Structures are given as C-alpha cells and as structure tokens.
Amino acid sequence: MKVLITGSNGLLGQHLIPLFARDGKYSVIATGRGTNRSPQGENYIYESANLRDAGSVQQLVQKHQPDIIIHAGAMSQVDECEKNKDACWDTNVGATRYLVNAAEKVNAFFLFLSTDFVFDGLSGPYNEDAAVNPINYYGTSKVAAERLVHNSKLQWAIVRTVLVYGVANDPHRSNMISWVRDNLRQGKKIKVVDDQVRTPTLCQDLATGCLLIADKKATGYFNISGKEILTPYDMAEQTATFFQLDTGLIEKISSRSLAQPAARPAKTGLLINKAEQELGYKPHTFAEGLEIVAGEIR
Ligand SMILES: NC(=O)C1=CN([C@@H]2O[C@H](COP(=O)(O)OP(=O)(O)OC[C@H]3O[C@@H](n4cnc5c(N)ncnc54)[C@H](OP(=O)(O)O)[C@@H]3O)[C@@H](O)[C@H]2O)C=CC1
Ligand SMILES: Cc1cn([C@H]2C[C@H](O)[C@@H](COP(=O)(O)OP(=O)(O)O[C@H]3O[C@@H](C)C(=O)[C@@H](O)[C@H]3O)O2)c(=O)[nH]c1=O
C-alpha cells in the first residue's frame with residue numbers, strides 16, 4: 001500500500017514517516033519543501049514539492065499513484081496566518097484543493113489534518129459534530145479546507161487535533177516542552193497563559209491515530225488528541241516539576257497580555273470517545289508524554 005505524506009519535514013510528518021515505514025505494510029513517499037529534514041532512515045522516498053504549485057502536486061500524485069494521502073502540510077503558525085492571509089489561504093486551502101483534485105484522479109483515500117481552532121472556544125471540549133465557528137484566519141482556512149475534503153468524491157477522514165507537543169529535527173515551530181525547560185534551566189522567568197483550555201496531544205499519539213485510520217480506511221471526522229483537559233500553565237508547571245526546575249519562574253498570565261495578532265479560542269479541547277471506540281485509540285497521559293519527550297530532547 002502506497003502512502004503519500006505531505007508536510008513530512010514538520011513535527012507530525014517526522015513522526016508519521018517511521019511509523020508508516022517500519023513494518024513494510026506501507027511504502028512511504030514523503031514530501032516537503034526543500035531538502036529532507038527528517039532524521040529517519042532510508043526506507044522511504046523523499047520528494048521535494050511546493051504544495052502551492054498545482055502542476056507539481058498533480059505530477060507528484062500522478063507519478064506515485066498513492067493509495068492513501070495524509071495531508072499534514074500547512075501554514076501552521078497562527079499569527080503568521082493572521083498577518084499574511086493570502087499565503088495562509090494559498091497554502092491551507094489552495095494546496096488542499098490541488099491535492100484533492102489529484103487524489104480524485106487516482107482515487108486515493110484522503111486523510112486531512114485539521115484543528116480545534118475551527119471552533120470558537122466558547123463551549124469546549126467539543127465532539128466531532130460540534131458546529132464550527134473559527135475566530136482567527138488560520139481556523140477559517142482550515143474550515144474551508146475541511147469543506148473541500150468533505151464535498152469531494154473521495155473516501156476521506158478529517159482528523160482534528162490540539163496543541164501538539166513533541167520533538168522534531170530542525171523544527172519550524174516552537175516546542176512547548178523544550179521552551180519551558182530551556183528557559184527555566186537558564187533561570188529565566190516565563191509568562192504562561194492559564195485561561196486557555198486544551199487537550200494537549202503527544203505527537204506520537206497523533207501519528208498513531210493516523211495509522212489506525214489508514215489501516216481501516218475509516219471515514220468521517222475523528223478527534224485525535226490527548227484526553228486530559230489542561231491549560232498551558234498546567235503543562236508548564238508539570239514540565240518544570242518533571243525536570244525538577246523552579247516553578248516560581250513561571251508567571252501566570254491571561255492570553256490578552258500576550259497581545260498576539262490572532263485571537264485564540266479560549267475553551268477548546270476535543271472529546272475522543274469516537275476514536276477510542278471505533279479505532280481503539282488510546283493516548284498517553286501528559287505525564288507519560290513528558291517522559292517520552294524528555295527522552296528525545298537533547
Ligand atoms: N502543531 C499543532 O499544535 C497542531 C497542528 N495541527 C495541524 O496538523 C498538521 C501538522 O502540524 P505540524 O506538523 O505541527 O505543523 P508543522 O508546521 O510542523 O508542519 C507543517 C509542514 O508543512 C510544510 N509546508 C508548509 N507550506 C508548504 C508548501 N507550500 N509546500 C510544501 N510543504 C509546505 C512546512 O514546511 P517547512 O518545514 O518548510 O516550513 C512544514 O514542514 C497541520 O495541518 C496543522 O495545521 C492541528 C492542530 C494542532
Ligand atoms: C509564546 C507563548 C505561548 N504560550 C502558550 C499559548 C499556547 O497555548 C501554547 C503554545 O503556543 P503557540 O503559540 O504554539 O500556541 P498556538 O499558536 O495557539 O497553537 C496552536 O497551533 C495551531 C497549529 C493549532 O492548530 C492549535 O491547536 C494550537 O496548537 O503556549 C504562553 O503561555 N506564553 C507564551 O509566551
């Protein structure tokens with residue numbers, strides 16, 4: 001079975017490659033922008049492609065004829081999306097359109113990665129059929145991309161997740177655990193919000209959720225996240241305690257004082273009953289996740 005993974009240089013992509021390539025059931029084609037930044041072995045093909053170029057996307061899919069496409073590629077920096085709406089739309093919606101069109105030609109199963117930011121955060125945690133109502137442009141772009149997938153002729157799964165933590169090689173996104181640990185190790189104070197409610201997701205668990213869906217070609221919406229409801233402050237405090245660092249250096253703040261360009265939904269978090277029952281999905285606890293990440297970060 002051939003699987004094409006987009007966003008392969010990203011946090012999730014770097015964990016999808018070894019998981020899908022490990023036992024020979026899948027032959028993996030990983031695609032990212034520029035050179036391959038994934039540190040994994042060589043039992044997969046890497047192809048550089050700009051997903052915003054319709055011709056490159058069509059050529060890539062036509063060449064490899066994947067049975068499954070896992071579309072993890074995105075512009076995932078929320079504030080960047082707010083400041084550069086055209087780039088956000090071209091990447092998060094345009095690229096998805098090109099991939100859906102190409103997938104329809106080869107009849108590939110399509111697994112799309114989406115986010116809790118499709119919700120307004122007024123009444124989380126949310127299950128799969130909650131009404132979407134995004135409050136920032138990143139979320140708006142993801143709702144539009146979900147609609148493209150939903151209305152396509154494909155067999156599809158839309159996977160929503162939340163505040164993914166873990167370690168990537170040469171990441172283009174910050175990793176919260178390292179950010180807390182490194183600052184506190186240097187005795188630096190950090191300001192962490194305690195008015196956002198999330199179900200933080202260990203990257204390995206998200207990758208496993210995608211594998212469970214791919215194995216079954218399970219269709220529909222799936223919430224794949226952690227189970228514990230935590231605030232970023234809870235996460236920071238647990239991280240500091242785990243690394244035996246001074247929690248006194250962590251200052252509780254409200255999101256408002258971060259003065260971020262993009263609004264964040266306050267109370268999200270996802271309910272994962274459906275994934276537990278239909279897929280046998282079983283995420284790690286945050287404490288277990290910390291252990292795993294601690295073993296990976298240098
Ligand atoms: N991280 C999180 O907390 C959450 C993530 N998600 C979603 O999950 C998915 C994976 O997230 P994550 O791995 O953390 O995100 P990353 O930002 O780490 O990875 C996204 C990848 O997409 C690539 N990409 C962006 N634009 C293009 C393009 N034009 N052509 C080719 N590749 C491109 C990036 O390339 P480059 O490395 O060159 O920048 C990057 O490697 C995304 O769809 C994201 O929206 C949902 C909820 C939470
Ligand atoms: C930078 C910063 C972040 N934080 C908190 C806010 C946030 O909840 C958490 C992570 O910071 P971020 O800026 O990455 O948060 P954010 O951009 O909100 O993360 C989002 O990313 C996109 C891709 C998603 O899809 C969402 O699910 C969510 O994970 O840390 C602080 O408390 N203090 C800080 O100084």
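All values reported here derive from a predicted model rather than from experimental measurement. One-based numbering, in listed order, for ligands and for the atoms of each.
- For ligand 1, the atoms lying closer than 4.0 Å to a non-hydrogen atom of T91 are 26 (N).
- When non-hydrogen atoms are compared, ligand 1 lies under 4.0 Å from neither the backbone nor the side chain of T6.
- Between Y138 and F117, the ring planes lie perpendicular to each other; the angle is over 60°, past the 30° to 60° tilted range.
- In this comparison of L270, N50, T31, L16, the heavy atom closest to atom 28 (C) of ligand 1 sits on N50.
- Of the heavy atoms in S8, none comes closer than 4.0 Å to ligand 1.
- Among protein heavy atoms, the minimum distance from atom 46 (C) of ligand 1 is reached at S114 O, 3.2 Å.
- Looking at residues two or more places apart in sequence or on another chain, you find a salt bridge (Lys or Arg N to Asp or Glu O under 4.0 Å) between D215 and K25.
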| Going through the checks in order, is the side chain to side chain contact (heavy atoms under 4.5 Å, CB included) test met by N84 and M75? | CA-CA 10 Å; N84 303 305; M75 184 167 167; 4.3 Å; yes
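- For atom 1 (N) of ligand 1, the closest non-hydrogen atom on the protein side is R173 NE, 3.5 Å.
- Between L51 and ligand 1, at least one pair of N/O atoms sits closer than 3.5 Å.
- A salt bridge does not link K142 with D116: none of the charged nitrogens is closer than 4.0 Å to a carboxylate oxygen.
- Defined by atom type and a distance below 3.5 Å, a donor-acceptor pair is present between the side-chain atoms of Y46 and N9.
- With atom 42 (C) of ligand 1 as the reference point, the heavy atom nearest to it among A95, A72, S76 is part of A72.
- Taking a cut-off of under 4.0 Å to the non-hydrogen atoms of L113, the atoms of ligand 1 that pass are 8 (O), 9 (C), 43 (O).
- In this structure, C203 does not count as a contact residue of ligand 1, since none of its heavy atoms falls inside 4.0 Å of the ligand.
- Using the six-membered ring where Trp is involved, W156 and Y221 have ring planes that are perpendicular, over 60° apart on the 30 and 60° scheme.
- For ligand 1, the polar-atom distance check finds no N/O of T161 at less than 3.5 Å from any of the ligand's N/O atoms.
- For ligand 2, the protein residues within 4.0 angstrom (heavy atoms only) are S76, V78, T115, D116, F117, Y138, V162, L163, R173, M176, W179, K191, V192, V193, Q196, P232, L258, Q260, R264.
- Taking a cut-off of under 4.0 Å to the non-hydrogen atoms of R52, the atoms of ligand 1 that pass are 29 (N).
- Close approach of ligand 1 to G7 (heavy-atom distance below 4.0 Å) involves ligand atoms 21 (C), 22 (O).
- For ligand 1, one of its N or O atoms has an N or O atom of L12 under 3.5 Å away.
- For atom 24 (N) of ligand 1, the nearest non-hydrogen atom from the set A74, G13, S38, G94 comes from A74.
- Among protein heavy atoms, the minimum distance from atom 3 (O) of ligand 1 is reached at V164 N, 2.9 Å.
- Those atoms of ligand 1 with a heavy atom of G73 less than 4.0 angstrom away are 22 (O).
- Transitive grouping of hydrophobic side chains (ILVMFWY, heavy atoms separated by less than 4.5 Å) keeps I224 and Y165 in distinct clusters.
- Considering R37, K142, M75, R160 only, the shortest heavy-atom separation from atom 37 (O) of ligand 1 involves R37.
- The shortest contact between atom 6 (N) of ligand 1 and any protein heavy atom is with Y138 OH, 3.8 Å.
- Atoms of ligand 1 found under 4.0 Å from any heavy atom of G10 (numbered from 1 in listed order, with element): 13 (O), 18 (O), 19 (O), 41 (O).
- For ligand 1, the atoms closer than 4.0 angstrom to any heavy atom of A49 are 30 (N), 31 (C).
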